[in-house]
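Just below is one structure, and these are the notes that go with it.
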There are 2 protein chains.
Amino acid sequence: MTEAIDILNSHNIRPSVQRIAILKYLLEHRIHPTVDDIYLALNPTMPTLSKTTVYNVLRNLVENGAVLALTIDEKNVRYDADISLHAHFRCQSCGELYDLKQPSMSDENIPGFEIENVHVYYWGKCPKCMNKK
Amino acid sequence: MTEAIDILNSHNIRPSVQRIAILKYLLEHRIHPTVDDIYLALNPTMPTLSKTTVYNVLRNLVENGAVLALTIDEKNVRYDADISLHAHFRCQSCGELYDLKQPSMSDENIPGFEIENVHVYYWGKCPKCMNKK
DNA sequence: TTTCATTTTTGTAATGATTACATTTTTGAT
DNA sequence: ATCAAAAATGTAATCATTACAAAAATGAAA
C-alpha cells in the first residue's frame, strides 16, 4: 500500500514515517477525524508520536492541497483525505458527519473573483435520526 | 430605529438593552465582525458590557435563527445579521470577507436528509488583490 | 408600588484547542 | 562517516470560548 506515499510525493511533501502514517489513517478511515481522533488512534502503534506532529503534518497536508480541513463542526476541525469535489452534511441530532454529492452550482455570478476553493456545508437531520420519530 | 427590536420579537427573543445594541451593531455594520470586534465597538458607549454577554447574546441570536455564524475564518467565528440566502468569499491574500450571491444549487441529490441550513464558502483572490499584480 | 420569582447580565475562573519555540532526532547528499 | 537541512518532539504559552456563581434587571401578581 503505497497510496499515501504516492499522494505525498505528488504534492511535493517528503514522505516521512509520521506523514505516511497520518495520511494512511485518513485514507483508511473516512470518518472525518479530529486531531485527537488521529493522535489517539495512532498512539498505540506509534508511542513516540507527538500531538504537535499531528498538527504540523495536517497543516502541511492542508496547505499543499492533499487533505481538506472542514469547519462544519464548531468544536473541532475535521480532516478529510477525499479531496474530490463533494459536500458535507452534519446531523444536528447525532452529530454525525456525512459526505454528500457536491450540488451542481452556477458560478457565473462572481465576476472579478478568482475562486480556488469551495466548501458546501449542510446542517439538518440525517436519515437515521429521521426514523427515530 | 426599531428594526433590531422587531427582529428580536419576531424570533421570540426578549429585547434587552444588550441584545438590541448587539443586533443593532450587526445590522449597521455588515462587516461580519467577530466577538471581539463587537465588544470593542460597543464598549465605549456601554462600559458595563461584558464580553461574556456578547457571547451569550450571539449564541442566543444564532440558535434562534436571527443571525448567522460563519466559520469561513479559521481564527474566529464571524457573525452576519443578513440571514437571507447568500454565499461568502474570503480572500486568501487580504483576508477580507465578502458577501456573494448564493449560487443556484441542485438539491435533488440528498434523499433522506432533511436540510435546515446551507453554507457556501469560497476561498481565493478578491478583485482588489487581483489588480495588485 | 411593593413583592418575588424568573430572566439576564456580569466577572472570574476553567477549559481546551492550537501554536510558539527550543531541543532532539532523522534524513539525505557529499 | 560527516554535516547541514528538514522534521519531530515536548513543554509552555496563547487565546477563544464556556462554566459557574453572584448581582442586577425585569415583569407579572397582589
Side-chain angles (χ1 to χ4, degrees), chain A residues 4-5 7-9 11-26 32-64 66-79 95 97, chain B residues 4-5 7-9 11-25 32-64 66-79 90 95 97:
Chain A
I5 298 176
I7 292 174
L8 291 170
N9 281 327
H11 286 87
N12 298 313
I13 303 168
R14 276 164 55 171
S16 71
V17 173
Q18 289 83 351
R19 289 168 179 170
I20 294 168
I22 290 169
L23 180 53
K24 200 160 181 286
Y25 177 82
L26 279 171
H32 315 97
T34 64
V35 165
D36 248 64
D37 291 336
I38 298 168
Y39 175 72
L40 292 174
L42 296 182
N43 200 42
T45 51
M46 285 185 85
T48 63
L49 180 67
S50 160
K51 197 182 282 191
T52 298
T53 299
V54 180
Y55 277 102
N56 290 341
V57 167
L58 287 170
R59 169 156 9 93
N60 190 339
L61 291 171
V62 170
E63 281 176 358
N64 287 286
V67 155
L68 295 182
L70 308 176
T71 56
I72 195 172
D73 173 353
E74 59 282 350
K75 293 284 178 202
N76 298 92
V77 179
R78 298 180 162 275
Y79 295 90
L97 187 43
Chain B
I5 297 177
I7 292 174
L8 291 170
N9 282 327
H11 286 87
N12 298 313
I13 303 168
R14 276 163 56 170
S16 71
V17 173
Q18 290 81 352
R19 287 167 179 169
I20 295 168
I22 291 168
L23 181 52
K24 201 159 180 288
Y25 178 81
H32 313 98
T34 64
V35 165
D36 248 64
D37 292 335
I38 298 168
Y39 175 73
L40 292 174
L42 297 182
N43 199 42
T45 51
M46 286 185 84
T48 62
L49 180 68
S50 159
K51 198 182 280 189
T52 298
T53 299
V54 180
Y55 276 102
N56 290 341
V57 167
L58 287 170
R59 170 157 10 92
N60 190 340
L61 291 172
V62 170
E63 280 177 359
N64 287 286
V67 155
L68 296 181
L70 308 176
T71 56
I72 195 172
D73 173 353
E74 58 283 350
K75 293 284 177 201
N76 298 92
V77 180
R78 297 180 163 273
Y79 295 90
R90 191 165 134 88
L97 187 43

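Residue numbers begin at 1 in each chain, while the letters A, B, ... track the order of the sequences.
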Subject >> Length of the CZ-C1' vector between B:Arg19 and D:dT26, whole Å >> reply: 11 Å
**OP:** Measure the distance from CD1 on A:Ile13 to P on C:dT27 and round it to the nearest whole Å.
**Re:** 17 Å
Subject >> Distance (rounded to the nearest 0.5 Å) between B:Tyr39 OH and B:Ile22 CD1 >> reply: 11.0 Å
Original post:
Roughly, in whole Å, what's the span from CG in B:Asn60 to C1' in D:dT18?
Top reply: 16 Å
**OP:** Please state how far atom CD in B:Glu63 lies from atom C1' in C:dT8, giving the value in whole angstrom units.
**Re:** 15 Å
Original post:
Would you say a side-chain N or O of A:Tyr55 is under 4.0 Å from OP1 or OP2 of C:dT18?
Top reply: yes
Subject >> Qualifying residues under side-chain contact (heavy atoms from CB on, under 4.5 Å), relative to B:Arg14, sequence neighbours excluded >> reply: B:Arg19
Dump every N/O contact between nucleotides 10-12 of chain C and the protein below 3.5 Å, one line per pair.
unit_1, atom_1, unit_2, atom_2, d
C:dT10, OP1, B:Gln18, NE2, 3.3
C:dT10, OP1, B:Thr48, O, 3.1
C:dT10, OP2, B:Ser50, N, 3.4
C:dT10, OP2, B:Thr53, OG1, 2.7
C:dT10, O5', B:Thr48, O, 3.3
C:dG11, N7, B:Thr52, OG1, 3.4
C:dT12, O4, B:Thr52, OG1, 3.2

Write down the protein N/O and nucleotide N/O pairs, taken from nucleotides 13-15 of chain D, whose separation is under 3.5 Å; answer none if there are no such pairs.
none

Original post:
Would you call B:Arg90 and B:Glu74 a salt bridge, taking side-chain N to carboxylate O under 4.0 Å as the test?
Top reply: yes
Subject >> Expected output: side-chain B:Thr34 to main-chain B:Asn76 donor-acceptor under 3.5 Å >> reply: no
**OP:** Please name all residues satisfying ring-ring contact (aromatic ring centres under 6.0 Å, His included) with A:Tyr25, sequence neighbours left out, ordered by chain then number.
**Re:** A:His29
Subject >> Qualifying salt bridge (Lys or Arg N to Asp or Glu O under 4.0 Å) pairs with a residue from residues 41-54 of chain B, counting only residues at least two apart or across chains >> reply: B:Asp36-B:Lys51
Subject >> Short side-chain donor-acceptor distance under 3.5 Å, B:Asn60 and B:Asn56 >> reply: no
Original post:
What is the distance from CG of A:Asp37 to P of C:dT18, rounded to the nearest Å?
Top reply: 11 Å
**OP:** Could you state the atom-to-atom distance from NZ of B:Lys75 to C1' of C:dT19 in whole Å?
**Re:** 8 Å
Original post:
Is the shortest side-chain N/O distance from A:Ser16 to OP1 or OP2 of D:dA8 below 4.0 Å?
Top reply: yes
**OP:** Decide yes or no on side chain to side chain contact (heavy atoms under 4.5 Å, CB included) for B:Val62 and B:Tyr79, but give the supporting numbers first.
**Re:** CA-CA 9 Å; B:Val62 170; B:Tyr79 295 90; 3.9 Å; yes
Subject >> Length of the CD-P vector between B:Glu74 and D:dA16, whole Å >> reply: 13 Å
Subject >> Whole-Å distance separating the CG atom of A:Leu42 from the C1' atom of D:dA8 >> reply: 14 Å
**OP:** Return the set of residues passing salt bridge (charged side-chain N to carboxylate O under 4.0 Å, His left out) with A:Arg78 (not counting sequence neighbours), or none when no residue passes.
**Re:** A:Asp73
Original post:
Which one, C:dT9, C:dT19, D:dA16, comes nearest to the side chain of A:Arg59?
Top reply: C:dT19
**OP:** Measure from the side chain of B:Arg14, starting at C-beta and using heavy atoms only, and say which of D:dA7, C:dT8, D:dT17 lies closest.
**Re:** C:dT8
